Amino acid sequence: MDDQTRMLAGLAGLGGLSQGDVGDPDSVRKQLGQPQQDIGDILQQIMAITDESLDEAQARKHALNCHRMKPALFSVLCEIKEKTVLSIRGIQDEDPPDPQIMRLDNMLLAEGVSGPEKGGGSAAAAAAAAAAGGSPGADGGIEHSDYRAKLAQIRQIYHSELEKYEQACSEFTNHVMNLLREQSRTRPISPKEIERMVAIIHRKFSSIQMQLKQSTCEAVMILRSRFLDARRKRRNFNKQATEVLNEYFYSHLSNPYPSEEAKEELAKKCAITVSQVSNWFGNKRIRYKKNIGKFQEEANLYAVKTAVDAASVSAQASQANSPATPNSGGYPAPCYTPDGRL
DNA sequence: ACGTATGATTTAAC
DNA sequence: GTTAAATCATACGT
């Protein structure tokens with residue numbers, strides 16, 4: 001910091017000098033068409049600074065600060081600068097709430113990354129415990145807990161990074177502010193300008209934060225596609241469950257739409273969820289309708305089965321000896337029509 | 001390895 | 001909300 005003020009003071013002191021004979025800068029200048037000061041001059045000045053002693057610079061600075069015209073000059077310079085800078089800057093309204101960042105924030109909140117801390121690392125443990133506890137019907141409890149664990153990991157990284165950025169931002173802001181305040185004793189820097197600078201820094205850092213948020217979102221998306229889509233890592237229902245469902249379907253072929261209660265009962269019988277029952281019936285209806293012929297055999301089988309069951313309940317003795325051979329083809333299977341209500 | 005079966009998801013209509 | 005229909009992605013049998 002002091003080096004810089006020293007340098008500035010040095011430059012100010014040497015500003016008027018022009019020394020011609022440093023190499024051959026003229027040719028360069030002509031080639032490049034630079035009307036301003038020679039690069040050579042600037043180099044010279046910089047070199048000269050290093051020759052100065054600290055005391056010399058300090059003395060020069062002090063002299064400058066104590067000059068009787070200094071305050072007046074300073075305020076005039078400030079004013080000029082304020083005008084020009086402001087006119088250049090134009091109207092730069094404060095932070096308009098970036099829709100992009102809001103979107104990201106919402107998403108992170110929805111995914112529970114930036115939301116209220118739900119126990120952090122213990123969330124995974126709790127989920128694992130819940131899965132181990134064996135909640136009946138919990139589909140993919142173990143995988144879900146795995147997902148949670150990974151999500152918690154992402155959340156942790158996200159928060160630590162965010163904290164790092166925030167700390168760096170405030171540190172940097174402080175540093176710059178101190179620097180500017182210090183320099184404002186020798187350079188025309190108004191408080192407004194400092195404010196503006198701080199705003200610029202904050203904008204920069206918030207753009208970094210947005211990158212962080214964006215990449216976190218991406219990570220969550222990838223995780224989702226890996227795990228939640230892994231929900232699709234389906235397992236076929238067991239034979240008994242399929243049997244129960246098919247029995248219901250074929251015995252209600254004229255109107256295969258189980259009520260909510262029926263669904264619940266079926267779900268309980270098959271040890272699956274109600275929505276799984278709904279899925280099954282949805283799939284079954286459409287697939288049956290699409291190709292009734294293909295399902296004819298199955299339909300006969302279940303029709304016979306239910307018939308036999310009913311018969312065996314009503315007249316066990318008489319039916320006991322006749323093993324119901326599925327007389328495939330001959331059985332007039334009830335035909336489910338799309339408009340139902342046969 | 002490949003085709004089919006099957007549970008889950010998505011889309012659109014109601 | 002439910003549903004049909006299309007579609008996805010895997011399981012399963014050959």
Side-chain angles (χ1 to χ4, degrees), chain A residues 103-104 106-113 124 127-128 130-132 134-151 154 216-306 326 328-329 331 333-342:
Chain A
R103 222 162 43 90
L104 291 174
N106 285 339
M107 155 127 194
L108 289 172
L109 204 66
E111 292 301 330
V113 175
S135 44
D139 42 337
I142 289 156
E143 281 170 36
H144 202 248
S145 84
D146 219 13
Y147 169 77
R148 286 253 183 128
K150 284 275 199 294
L151 192 65
I154 288 175
T216 304
C217 274
E218 264 169 42
V220 171
M221 291 299 245
I222 289 165
L223 190 69
R224 254 176 170 278
S225 66
R226 274 258 192 80
F227 276 84
L228 259 50
D229 244 21
R231 278 182 307 182
R232 304 172 85 139
K233 251 199 168 98
R234 61 176 189 79
R235 296 191 59 82
N236 289 357
F237 298 152
N238 62 44
K239 225 171 171 149
Q240 191 238 331
T242 315
E243 214 149 287
V244 169
L245 293 166
N246 271 319
E247 248 168 60
Y248 188 99
F249 180 79
Y250 286 110
S251 62
H252 297 73
L253 206 49
S254 59
N255 187 31
Y257 296 86
S259 64
E260 192 58 33
E261 296 84 56
K263 278 184 194 170
E264 273 166 31
E265 201 181 318
L266 285 167
K268 207 179 343 176
K269 264 197 218 169
C270 302
I272 58 178
T273 66
V274 173
S275 56
Q276 278 178 307
V277 173
S278 296
N279 285 340
W280 191 91
F281 273 89
N283 284 322
K284 192 72 185 182
R285 280 191 301 262
I286 191 70
R287 281 162 187 165
Y288 180 82
K289 197 181 82 176
K290 255 186 170 170
N291 192 351
I292 294 173
K294 198 173 75 182
F295 287 92
Q296 204 62 63
E297 207 175 328
E298 193 178 69
N300 293 338
L301 195 107
Y302 280 100
V304 168
K305 197 199 277 280
T306 51
S328 39
Y331 189 84
C335 202
Y336 155 59
T337 52
D339 43 300
R341 296 107 185 113
L342 232 168

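Every chain is numbered from 1 and lettered A, B, ... according to where its sequence line falls, protein lines coming before strand lines. Please read all numbers here as calculations on a predicted model, not as lab measurements.
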A.B. asks: Which whole-number value in Å describes the distance from Ile286(A) CD1 to dA12(B) P?
C.D. replies: 16 Å

A.B. asks: Is there a side-chain polar atom (N or O) of Lys294(A) under 4.0 Å from OP1 or OP2 of dT4(B)?
C.D. replies: no

A.B. asks: Among the candidates dA6(C), dT6(B), dA5(C), find the nucleotide nearest to the side-chain atoms of Lys290(A).
C.D. replies: dA6(C)

A.B. asks: Does Tyr257(A) have a side-chain nitrogen or oxygen under 4.0 Å from the phosphate oxygens OP1 or OP2 of dA4(C)?
C.D. replies: yes

A.B. asks: So, is Arg285(A) close to the dA4(C) phosphate, meaning a side-chain N or O under 4.0 Å from OP1 or OP2?
C.D. replies: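 Yes, within the criterion.
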
A.B. asks: Expressed in angstrom and rounded to an integer, what is the separation of Ile272(A) atom CD1 from dG7(B) atom P?
C.D. replies: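 After rounding, the gap between these two atoms is 8 Å.
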
A.B. asks: Side-chain donor-acceptor pair under 3.5 Å between Arg234(A) and Asn236(A), yes or no?
C.D. replies: yes

A.B. asks: Go through the steps for Tyr250(A) and Tyr288(A) under the test side chain to side chain contact (heavy atoms under 4.5 Å, CB included), then give the verdict.
C.D. replies: CA-CA 10 Å; Tyr250(A) 286 110; Tyr288(A) 180 82; 3.7 Å; yes

A.B. asks: Of all the choices, dT9(B), dA5(B), dT3(C), which nucleotide is nearest to the side chain of Lys263(A) once you look at every atom?
C.D. replies: dT3(C)

A.B. asks: Within less than 4.0 Å of OP1 or OP2 of dA8(B), is there a side-chain N or O belonging to Gln276(A)?
C.D. replies: yes

A.B. asks: Relative to each other, are the rings of Phe281(A) and Phe249(A) parallel, tilted or perpendicular (30° and 60° limits)?
C.D. replies: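 Because their plane-to-plane angle lies in the 30° to 60° range, the rings of Phe281(A) and Phe249(A) count as tilted.
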
A.B. asks: If you only use heavy atoms from C-beta on, which nucleotide in dT9(B), dA4(C), dA11(C) is closest to the side chain of Asn283(A)?
C.D. replies: dT9(B)

A.B. asks: As a quick check of understanding, evaluate salt bridge (charged side-chain N to carboxylate O under 4.0 Å, His left out) for Glu247(A) and Lys269(A), giving each step before the final call.
C.D. replies: CA-CA 12 Å; Glu247(A) 248 168 60; Lys269(A) 264 197 218 169; over 6 Å; no

A.B. asks: CZ of Phe249(A) versus P of dT6(B): gap in Å, rounded?
C.D. replies: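 In whole Å, dT6(B) P lies 13 Å from Phe249(A) CZ.
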
A.B. asks: Would you mind telling me which residue lines up with the more 5' stretch of DNA chain C, Gly282(A) or Arg287(A), judged by nearest nucleotide?
C.D. replies: Gly282(A)

A.B. asks: Please give, in whole Å, the distance from dA11(C) P to Trp280(A) CH2?
C.D. replies: 21 Å

A.B. asks: Between dT2(C) atom P and Glu261(A) atom CD, what is the distance in whole Å?
C.D. replies: 12 Å

A.B. asks: Report the distance from atom CG of Asn246(A) to atom P of dT6(B), rounded to the nearest whole Å.
C.D. replies: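 Rounded to the whole Å, the gap is 9 Å.
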
A.B. asks: Tell me which of Asn279(A) and Asn236(A) sits closer to the 5' end of DNA chain B, going by the nucleotide each one is nearest to.
C.D. replies: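 So the residue in question is Asn236(A).
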
A.B. asks: From CG of Asn291(A) over to P of dT4(B), roughly how many Å is that when rounded to an integer?
C.D. replies: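 Taking CG of Asn291(A) and P of dT4(B), I get 12 Å after rounding.
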
A.B. asks: Could you tell me which residues satisfy ring pair (Phe, Tyr, Trp, His ring centres under 6.0 Å) with Phe237(A), sequence neighbours excluded, listed by chain and number?
C.D. replies: none

A.B. asks: Just how far, in rounded Å, is P of dA8(B) from CG of Leu245(A)?
C.D. replies: 11 Å

